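One structure below.
Proteins get letters first, then strands, A, B, ... in listed order; numbering begins at 1 in each. These numbers were taken from a predicted model, which means no experiment stands behind them.
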2 protein chains.
Amino acid sequence: MKDQSTEENILKAAISVFQKKGMAGARMQEIADEAKINKAMLHYYYKSKQKLFEAVFRQAFEKFAPHINQVFNSDKSVFEKITEFTDSYISFVMENPYLPNFLIQEINNNPEFADIFFGSEIAPNPLRFKKQIAEEIEMGILRPIDPKQLLLNLFSLTAFSFVGTGLVRGILNLDEKTFKSMMEERKILIPELLINSIKK
Amino acid sequence: MKDQSTEENILKAAISVFQKKGMAGARMQEIADEAKINKAMLHYYYKSKQKLFEAVFRQAFEKFAPHINQVFNSDKSVFEKITEFTDSYISFVMENPYLPNFLIQEINNNPEFADIFFGSEIAPNPLRFKKQIAEEIEMGILRPIDPKQLLLNLFSLTAFSFVGTGLVRGILNLDEKTFKSMMEERKILIPELLINSIKK
DNA sequence: ACATTTATTAACCATTTGGTTAAACTATTT
DNA sequence: AAATAGTTTAACCAAATGGTTAATAAATGT
């Protein structure tokens, strides 16, 4: 092989462009330019825009899923899970600011395609977590709550700031620096808020 | 005039297509088809795709802003504002499911353009609300909290479920009916959660 | 060293897409 | 009714875009 890294350069460039512009807005030429290769190479390694997109989507999904799975499948207590997820997820997204938006957008635009992922093994499965909640309620640690609503609250509070960055920052008039320091604050604030609302 | 409604048919069709597919994914032909007119009419009434998009964006922004302004500018108490916003916003979005996503997406893709709106008079201004929070803290009604974080929590909890519908429903395995009934529940749940976290 | 496979490029192609034009049709004015 | 202004359409156009091809260059096996 002449250059082992060509294929991964393409994927890297594709990730960058697709995540910023989405499937519809991304241009094959722009990806080629960013990867500093000829456009034909895109089709040599990935045969079509759709296939390249799918590689990008898979990569994003596989990077994202472990955070959810940590909540769904680890042996920690519910309180610990909330605290640890909030911290690790916010840190993660601050390093990958386009990722949640990209996933959300493309899943919304492409429900049938997304269902392939939600049907696969890498897809997070909330069953164990639901059981855990039931147990901790039984044990008198938690109030009687709906695990789905708790998860929705957790995901909303952690993810929305990043997904809706532009709108949020526009409405609240936040500059980059203020936004970032608020996100750091939220690593404490969110677990506090949630744990307080569910602990007996 | 031959048909008074042609122009508004176009706008209606444009709203439908742009909100579902976004600026990049929308096709002028599809808008024309949905409006059941010739494609040239789009350029006759709105001179370009960009102009038509701007009309759609403005309409969406103007439909959305009053909900925020009710929080920012009404004379209600903070508790009342939280309760009323949650209820009215969730109802509103259930009738306009594509709107928040559309706004967020296009603002993120087009920050310079969005800044025009955030600089205009229709843009919500959080100043009065911040003052109100300070007053209610002073009066001993509220704990010392950051108004920005409170607003972020409120917007996150109400909006994220709709913006991230596909992802949320995929991860939590929710069917249409369950999702809707959860949203109804949230009209109660969210104010409870938030008020409890800020009341002294 | 030579043949073969793999990698890369420039040029090209077909389709899609936003946009235009000129003619036809309809309503309004005089 | 004739002229005028406003509305609508079919056909067309140029640029953009995803994709292909044929030739070349580089690596690899024998």
Side-chain angles (χ1 to χ4, degrees), chain A residues 1-60 98 102 105-106 109-110 112-114 116, chain B residues 1-60 98 102 105-106 109-110 112-114 116:
Chain A
M1 269 170 255
K2 199 186 180 188
D3 187 354
Q4 169 64 311
S5 67
T6 300
E7 190 170 351
E8 44 187 282
N9 280 346
I10 292 177
L11 188 59
K12 249 187 213 166
I15 288 169
S16 163
V17 174
F18 272 121
Q19 287 194 6
K20 277 180 209 147
K21 315 233 164 143
M23 172 64 174
R27 294 291 163 254
M28 294 296 269
Q29 189 58 59
E30 192 182 348
I31 295 171
D33 290 347
E34 189 152 329
K36 291 191 196 98
I37 43 104
N38 188 288
K39 184 162 64 86
M41 296 304 285
L42 300 179
H43 297 92
Y44 182 74
Y45 286 104
Y46 302 84
K47 74 179 182 191
S48 67
K49 187 187 185 185
Q50 180 64 27
K51 282 272 154 55
L52 185 50
F53 166 78
E54 285 173 22
V56 171
F57 185 90
R58 165 164 288 104
Q59 194 264 5
Y98 294 101
F102 169 74
Q105 207 52 33
E106 300 306 331
N109 287 343
N110 229 317
E112 342 72 48
F113 169 69
I116 298 171
Chain B
M1 265 168 257
K2 199 186 181 190
D3 186 355
Q4 169 64 312
S5 67
T6 300
E7 189 171 350
E8 46 185 281
N9 281 346
I10 292 176
L11 188 60
K12 248 186 214 168
I15 288 169
S16 163
V17 174
F18 272 121
Q19 288 194 5
K20 278 179 208 149
K21 315 234 167 144
M23 172 64 173
R27 295 291 165 254
M28 295 296 268
Q29 188 59 59
E30 190 182 349
I31 296 171
D33 291 347
E34 190 152 328
K36 291 190 196 99
I37 43 105
N38 189 288
K39 184 163 63 91
M41 295 304 285
L42 300 179
H43 296 91
Y44 182 73
Y45 286 103
Y46 303 84
K47 73 178 184 192
S48 67
K49 187 186 183 184
Q50 180 64 27
K51 282 271 155 57
L52 185 51
F53 166 78
E54 284 172 24
V56 171
F57 185 90
R58 165 165 287 104
Q59 194 263 5
Y98 293 101
F102 169 74
Q105 207 52 33
E106 300 305 330
N109 288 343
N110 228 318
E112 341 73 48
F113 169 68
I116 298 171

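Only one option out of Gln50(B), Lys51(B), Arg58(B) pairs with Glu54(B) in a side-chain hydrogen bond (donor to acceptor under 3.5 Å, both in side chains); it is Gln50(B).
Shown here is Tyr98(B), whose OH atom has no more than 12 heavy atoms of other residues, nucleotides or ligands within 6.0 Å.
Remark: aromatic rings of Phe18(A) and Phe102(A) are distant, center separation not under 6.0 Å.
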- Query: Between Lys20(A) and Ser16(A), does a side-chain contact (heavy atoms from CB on, under 4.5 Å) hold up when you go through it step by step?
  - Reply: CA-CA 6 Å; Lys20(A) 277 180 209 147; Ser16(A) 163; 3.4 Å; yes
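The main-chain N or O of Met23(B) is found under 3.5 Å from a side-chain atom of Lys49(B) such that the two form a donor-acceptor pair.
In this structure, Phe53(A) places its CZ atom 16 Å from C1' of dG18(D), rounding to the nearest Å. Nucleotide dT17(D) holds its C1' atom 13 Å from the CD atom of Glu30(A), rounded to whole Å. Between the P atom of dG18(D) and the CE atom of Met41(A) lies a distance of 18 Å, rounded to the nearest Å. One atom, CD of Glu7(B), and another, P of dT7(D), lie 9 Å apart when rounded to the nearest Å. Look at CG on Asn9(A): it is 14 Å from P on dA7(C), rounded to the nearest Å.
Between Asn110(B) atom CG and Glu112(B) atom CD the span is 5.0 Å, to the nearest 0.5 Å.
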- Let me have a per-nucleotide readout for nucleotides 17-23 of chain C, 5' to 3', with B, S or -, counting only protein heavy atoms under 4.0 Å. SBBBB--
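For the pair Tyr44(B) and dT9(D), the criterion of a side-chain N or O lying under 4.0 Å from OP1 or OP2 is not met.
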